[in-house]
Amino acid sequence: MHIYRTHNCGELRENHVGEVVRLSGWVHRKRDHGNLLFVDLRDDFGLTQCVIEPKNPIFDHVDSIAPESVVTVTGEVVLRDKETINPSISTGTIEIRIGEFKVLSEAEELPIPVFGDQEYPEELRLRHRFLDLRRERLHHNIKLRAAIIEDIRQRMTEQGFTELQTPILTASSPEGARDYLVPSRVHPGKFYALPQAPQQFKQLYMVAGFDRYFQIAPCFRDEDARADRSPGEFYQLDVEMSFVDQEDVFNAIEPVMHGVFQKYSDGKEVTPAPFPRIAYADAMLQFGSDKPDLRNPLRITDVTDAFSGSSFKIFSNAIEGGAVVRAIPAPGAEQNPRSFFDKMNEWARENGWPGLGYMVFTSGEAKGPIGRNLSKERIRMIQEITSLGDGDAVFFACDEVKRASELAGAARDRLGINLNLIDSDCFRFCWVIDYPMFEYDEEKCQVVFSHNPFSMPQGGLDALNKMNSTDILGFQYDIVCNGIELSSGAIRNHRPDIMYKAFELAGYSRADVDMRFGGMLRALKYGAPPHGGIAPGIDRIVMLLAGEPNIREVVAFPLNQRAEDLLMNAPAPVSKSHLRELHLRLVEASDGDKETNS
RNA sequence: GGGGGUGUAGCUCAGUUUGGUUAGAGCGUCGGCCUGUCACGCCGAAGGUCGCGAGUUCGAGUCUCGUCACUCCCGCCA
């Protein structure tokens, strides 16, 4: 008989009755009836009930074992009585009569129990992650993550993608997020950087003639955390394809995303391919966001014309000053008390907006302070544009374009929740396309890349030469699911002449570009195929499918919000000799330093 | 860097609004009882720097100020 086990804890059935078996696992739970003791034994595969009676000489030994100790149980599989069958576990028709009981590893009193679904503080959970990972929720999430990654690999491979590796120690990238730096021992004063994404390497693979690349790639960015953003590191399904246009990328990715979500969505409806495509400008208008949540049926409309030159002076004056008015519908909201509408306005003001006007349509009239100041024709115009009528209400966001969009988008989210309009039982995908290539940075007072500088501008060199730079669109796209941005992607700029021109518009000289992107440019000068790709975030995909509100719930060993590893104690100070070897000297931060740095 | 929330037993939380006797409950732990449980049940016990510091007061878990930790958001994330 094997020293540890003949079966696992989720394996035994009625057909094993009569066999003497050996199981090893954790003591999940004990139920002591005085003259009868039940021990639930748990491993990765399941739970098996073991039982012992006091006439057995080892009863006291078994009785005294602490929960979560690791033990080996040897004994006969016996059938349970009909009335003691437990249908909620796979091994519920049998139990093991304990013959031998060996303790492999005793557990001390637990800082967090493994049994039960009580919530515990995250700090405690992170410090004892190995215990938290034993618990059902995290254990399930991590196994789900593994299954999803395996499934993605299979789907990508089947579609003719080749899984290729890229370096972890590489060069700092001048655009984008803050890098994690690694000092070089061999080259005093010089540093490697961890890749923010394998962006340039995957393009180099295309140039090297590998037609379709993918990788479950680690990415490192030194940025502050959010609920859906792990600090430090995260994983992307990194994809790049040769000789493709935007539609080819969509056609390659849609079946993978749809397939994975369909398989692991637990019956929830998934948007069938092709996913809706929404132009960036339309997304900003209709959803007030570049990551529209299509589960929310509300659509924002522009009603500036209905207020322009009207006697509702607050809006008409603002419009003369360049403002727009966006309407957020609240269908069926008429029955709500006045406080419902006032609270929305209050919320907008609390968040720094001038306010949120509203109108309630009832028995052919528009009630509310705005309705009284507006002519019948204008009210009819608003009803027409918003497709609203009696019984409905509408909110108005009046501000300059960007801020009005933002407010309308936030109000749309809020109304969707308050009016209970969100269908939570589905995964709604869309593509957001036609991103502007450049935008004007108010602080820097110059045109900057609004997305990925390596993207191909729509219209190519012609557009860069002739168009107003902020009007130029890029072959850039995002894939969004339930309001969460899963990925950005683009058709890349594979032409050095177009690259120089694009960077020139963003204020880089030819010499700048040569210095910063020399490797990439050199590659493009010796025959580069047109190519493009995308990189959906693995952690966010798992988060959506696991139904978790926080990305740390689907990462086995996450850093906390301040980018610390509480289990391994990182980051940590290093010895002087270690620093010396790397040609580093620590500088105490004085007050003066702090001021000049901040 | 900024804003919000939280901080009371090992853990989850009540008590803070309106300052007033010995700060409570559940889970866990420990002890006792219990032959069919699977969130076993019953009885009992131990367990507290009310995050920390200062202040107001005859008196502070409760009020004020400061500070720290965690978390959510803004900034940031080509």
Side-chain angles (χ1 to χ4, degrees), chain A residues 28-42 47-55 59 63-64 66-68 78 80-89 91-92 95 97 107-128 131 173-179 196-197 199-200 219-232 234 350-352 406 410 435 437-439 441 443 448-455 474 476 485 488-490 492 502-503 506 508 516-517 535 537 549-550 552 560-562 564 566 594-595 597-598:
Chain A
H28 188 62
R29 189 86 174 150
K30 287 187 303 178
R31 287 175 297 281
D32 180 0
H33 291 246
N35 285 313
L36 187 68
L37 172 65
F38 296 103
V39 177
D40 289 340
L41 198 64
R42 184 196 73 239
L47 209 65
T48 302
Q49 175 167 284
C50 307
V51 64
I52 188 167
E53 292 177 18
K55 60 183 181 232
F59 181 91
D63 193 26
S64 67
E68 292 309 307
V78 296
R80 294 203 201 181
D81 291 341
K82 224 180 252 161
E83 55 276 14
T84 62
I85 284 173
N86 182 354
S88 60
I89 58 173
T91 60
E95 64 192 7
R97 209 157 282 276
E108 294 180 12
E109 190 183 334
L110 301 163
I112 53 172
V114 172
F115 172 81
D117 51 7
Q118 171 91 55
E119 302 246 13
Y120 296 94
E122 190 152 32
E123 191 179 4
L124 203 65
R125 294 176 56 201
L126 291 174
R127 205 176 288 285
H128 304 280
L131 287 179
S173 50
E175 293 270 329
R178 269 186 296 271
D179 290 310
Q196 296 179 20
Q199 180 64 39
Q200 295 192 54
C219 304
F220 306 88
R221 294 178 193 174
D222 185 4
E223 296 296 341
D224 289 333
R226 289 288 183 277
D228 64 352
R229 204 165 79 200
S230 253
F234 60 97
E350 274 167 12
N351 288 279
E406 267 174 34
Y435 273 82
M437 195 68 195
F438 304 95
E439 64 188 19
D441 187 316
E443 270 180 38
V448 297
F449 287 106
S450 61
H451 223 67
N452 183 327
F454 299 119
S455 302
Q476 300 175 151
E485 181 193 320
S488 293
R492 320 297 172 188
F503 274 90
Y508 292 80
R516 292 167 193 248
F517 307 106
N550 190 300
R552 290 187 294 271
N560 69 4
Q561 195 175 24
R562 301 209 316 173
E564 296 165 313
L566 299 178
K594 277 179 191 162
E595 264 171 36
N597 287 342
S598 63

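Values below: every heavy atom of this structure, side chains too, minus hydrogens, waters and symmetry copies. Labels below follow one simple rule: chain letters A, B, ... track the order of the sequence lines, proteins then strands, and each chain is numbered from 1.
In this structure, G10(B) forms a base pair with C27(B), meeting either the Watson-Crick or the G-U wobble geometry with both donor-acceptor distances under 3.5 Å. In this structure G66(B) sits in a base pair with C52(B), meeting the Watson-Crick or G-U test at under 3.5 Å. U21(B) is unpaired under the Watson-Crick or G-U wobble criterion, no partner having all donor-acceptor distances under 3.5 Å. Nucleotide G41(B): paired with C33(B) (Watson-Crick or G-U wobble, both distances less than 3.5 Å).
Annotation for Leu110(A) and Pro67(A): closest pair CD1-O, 4.2 Å, computed over non-hydrogen atoms.
Classified by interplanar angle (parallel below 30°, tilted 30° to 60°, perpendicular above 60°), the ring pair Phe454(A)/Phe517(A) is perpendicular.
Contacts of Phe449(A) with the nucleic acid, taken as non-hydrogen atoms under 4.0 Å apart, involve only primed sugar atoms and P, OP1 or OP2. Within 4.0 Å of Arg97(A), counting heavy atoms only, lies at least one base atom of the nucleic acid. Looking at heavy-atom distances under 4.0 Å, Arg127(A) makes no contact with the nucleic acid at all. If you check every strand for non-hydrogen atoms under 4.0 Å, Glu564(A) touches sugar and phosphate atoms only. Contact annotation for Arg80(A): base contact, defined as any heavy-atom pair under 4.0 Å involving a base atom.
Look at CG on Asn86(A): it is 7 Å from P on A39(B), rounded to the nearest Å. Glu119(A) places its CD atom 8 Å from the P atom of C13(B), with the value rounded to the nearest Å.
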Quiz item: With the sugar-phosphate defined as primed atoms, P, OP1 and OP2, and the base as all remaining atoms, what B/S/- string results for nucleotides 24-35 of chain B, 5' to 3', for protein heavy atoms under 4.0 Å?
Solution: ----SS----BB
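For the OP1/OP2 pair of C40(B) and a distance below 4.0 Å, the side-chain nitrogens and oxygens of Arg31(A) include at least one atom meeting the criterion.
For Arg125(A) against C11(B), a side-chain-to-base donor-acceptor contact under 3.5 Å is absent. The base of U71(B) has none of its N or O atoms less than 3.5 Å from a complementary donor or acceptor on the side chain of Glu123(A).
Distance noted for atom P between U21(B) and U62(B): 14 Å (whole Å).
Partner of Glu223(A) under the side-chain hydrogen bond (donor to acceptor under 3.5 Å, both in side chains) criterion, chosen from Arg178(A), Gln196(A), Arg229(A): Arg178(A).
Looking at which nucleotide of RNA chain B each of Asp224(A) and Glu122(A) is closest to, the 5′-most match is held by Glu122(A).
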